[in-house]
There are 2 protein chains.
Amino acid sequence: MNIMNGEFLASTGLSELDREVIELFIRMADVLNLPRSVGEIYGLLFIASDPLCLDDCRIRLKISKGSTSQGLKILRSFGAIRTVYMAGDRKDYYLAETSLRKIASGFTNEQIRPHVDSGKERIERIRELLDEQDDDARATLEEKIDLLENWQKRASKTLPLMLKLIGG
Amino acid sequence: MNIMNGEFLASTGLSELDREVIELFIRMADVLNLPRSVGEIYGLLFIASDPLCLDDCRIRLKISKGSTSQGLKILRSFGAIRTVYMAGDRKDYYLAETSLRKIASGFTNEQIRPHVDSGKERIERIRELLDEQDDDARATLEEKIDLLENWQKRASKTLPLMLKLIGG
DNA sequence: CGGTATGTTCAGTAATTAATGAACATTATG
DNA sequence: CATAATGTTCATTAATTACTGAACATACCG
């Protein structure tokens with residue numbers, strides 16, 4: 001093993017530019033309701049000039065193995081990073097996906113769509129409850145449920161259109 | 001004071017339908033990264049047949065005065081609820097805004113746009129740091145920063161278009 | 001005015017969420 | 001097969017976030 005690899009390089013800190021870019025992705029992760037560490041890892045991979053393995057991330061970001069593994073898993077889950085196989089190396093190396101279209105699409109499909117879908121199911125259950133209501137309560141409630149369903153449909157349709165808008 | 005108002009009605013629980021609707025908005029709040037109580041309050045106002053005051057919300061949802069006040073404040077901040085003045089009553093009454101367009105617009109302007117804008121500022125700072133780089137590091141880094149800026153601009157433009165899409 | 005109704009704020013606490021690190025797979029390799 | 005390298009899982013701990021409730025502000029009303 002090369003003495004220049006591994007923990008030794010941990011002290012070889014990130015440049016100010018690196019840190020600023022990572023900070024930017026930490027904020028993005030926050031907006032998207034993802035753990036901070038996910039933002040850190042993506043930011044590091046984004047700014048890195050070469051693919052990095054789990055330990056590279058862990059050491060440079062000074063985070064635990066568990067967080068790193070979990071973070072990479074989440075990023076893989078919606079296609080924000082890609083795995084690169086290096087000849088003669090058992091480790092997995094990762095590269096930041098740079099197509100905004102792909103990332104946005106993966107994110108909406110994996111992290112948003114399930115919520116929208118479960119909302120749809122819930123509205124169906126609510127509509128069943130509506131049938132058990134008194135006739136006088138019914139009319140106004142029905143309007144509200146219709147409105148809910150209308151929102152749900154518009155949200156469903158807007159997701160894919162949004163992805164078109166973001167371009168690719 | 002009417003004996004039928006106030007705390008007494010706390011026991012007059014919510015119907016199953018009410019609870020399901022509120023649960024739906026709790027989930028939405030979660031997706032939007034808003035406190036659960038905000039979802040509860042909006043859900044209650046949405047399903048209520050009449051405007052409700054702070055105490056109505058507090059009692060029916062069994063949450064504290066502080067949470068209720070804070071929750072209403074947040075909902076007002078992005079126009080998800082409207083204040084209704086009732087003649088001869090000092091209390092403020094609230095009604096759920098039902099225009100998805102208005103709510104989505106208020107939400108993006110108040111809760112999303114500031115993040116996008118601060119991202120823009122950060123990218124500007126990053127670009128300044130780029131000038132301090134060695135010539136050889138510069139070229140590849142510059143590409144990445146260009147990409148970041150490109151994303152930022154597309155996100156900025158997509159926000160208003162999205163609102164158009166969601167319809168009004 | 002003084003008292004009351006209403007709403008806000010915020011320090012303290014509770015609940016939730018993320019991070020840690022050691023134990024546990026898994027796979028390659030001599 | 002034994003060993004080492006790599007990665008995952010998950011119980012515990014740490015950090016964050018939301019909630020509570022009492023103190024405070026404000027405005028009304030007799």
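Because only heavy atoms are used, hydrogens play no part in the values below, and waters and symmetry mates are left out as well, while side chains stay in.
Atom CE of B:M86 and atom C1' of D:dC28 are 19 Å apart (whole Å). Atom CZ in B:R36 sits about 18 Å away from atom P in D:dT17, given to the nearest Å. Counting to the nearest Å, the P atom of D:dA22 and the CZ atom of B:R58 are 12 Å from each other. One can place CD1 of B:I26 at 12 Å from P of C:dT16, the figure rounded to the nearest angstrom. Note: CG (B:N33) to P (C:dT17) measures 10 Å, nearest angstrom. Distance A:L52 CG to D:dG7 P: 12 Å, rounded to the nearest Å. One atom, CG of A:L54, and another, P of C:dA19, lie 14 Å apart when rounded to the nearest Å. In this structure, B:K65 atom NZ and D:dT26 atom C1' are separated by 12 Å, rounded to whole Å.
End-to-end axis angle for the helix from C:dC1-D:dG30 to C:dG30-D:dC1, using five pairs per end and rounding to 10°, comes out at 0°.
Of the residues in residues 66-76 of chain A, those lying under 4.0 Å from DNA chain C by heavy-atom distance are A:G66, A:S67.
Although no hydrogens or angles enter the test, the distance criterion places a donor-acceptor pair under 3.5 Å between the side chain of B:R19 and the main chain of B:L14.
Among D:dA4, D:dT20, C:dG7, the nucleotide with an atom closest to any side-chain atom of A:R90 is D:dA4.
The aromatic rings of A:F25 and B:W151 lie perpendicular to each other, with more than 60° between the two planes, well past the 30° mark.
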Using a 3.5 Å cut-off and no angle test, enumerate the donor-acceptor pairs between side-chain atoms of residues 108-116 of chain B and protein atoms at least two apart in sequence or in another chain.
unit_1: B:T108; atom_1: OG1; unit_2: B:A104; atom_2: O; d: 3.1
unit_1: B:T108; atom_1: OG1; unit_2: B:S105; atom_2: O; d: 3.0
unit_1: B:N109; atom_1: OD1; unit_2: B:R113; atom_2: NE; d: 3.3
unit_1: B:N109; atom_1: OD1; unit_2: B:R113; atom_2: NH2; d: 2.5
unit_1: B:N109; atom_1: ND2; unit_2: B:S105; atom_2: O; d: 3.2

Pairs under 3.5 angstrom only: tabulate donor-acceptor contacts from the side chains of residues 69-83 of chain A to other protein residues two or more places apart or in another chain.
unit_1: A:R76; atom_1: NH1; unit_2: A:Y94; atom_2: OH; d: 2.8
unit_1: A:S77; atom_1: OG; unit_2: A:I74; atom_2: O; d: 2.6
unit_1: A:R82; atom_1: NE; unit_2: A:E97; atom_2: OE1; d: 3.2

Which atom pairs, donor and acceptor, lie under 3.5 Å between side-chain atoms of residues 128-140 of chain A and protein residues at least two apart or in another chain?
unit_1: A:Q133; atom_1: NE2; unit_2: A:L129; atom_2: O; d: 3.4
unit_1: A:T140; atom_1: OG1; unit_2: A:A137; atom_2: O; d: 3.3

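Note on B:K91: only backbone sugar-phosphate atoms sit closer than 4.0 angstrom, heavy atoms only; bases stay farther off.
A salt bridge is defined here as a Lys NZ or Arg NE, NH1 or NH2 lying under 4.0 Å from an Asp or Glu carboxylate O, and A:D30 with A:R27 fails to meet this definition. A:E121 has no carboxylate O lying under 4.0 Å from a charged side-chain N of A:R125, or vice versa, which leaves the two without a salt bridge.
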Chi angles and distances behind the side-chain contact (heavy atoms from CB on, under 4.5 Å) call for A:D92, A:Y85: CA-CA 6 Å; A:D92 282 336; A:Y85 297 98; 3.5 Å; yes

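Side-chain N/O atoms of B:S37 include one lying less than 4.0 angstrom from OP1 or OP2 on D:dC19.
A:S156 meets the side-chain hydrogen bond (donor to acceptor under 3.5 Å, both in side chains) test with A:Q152; sequence neighbours excluded.
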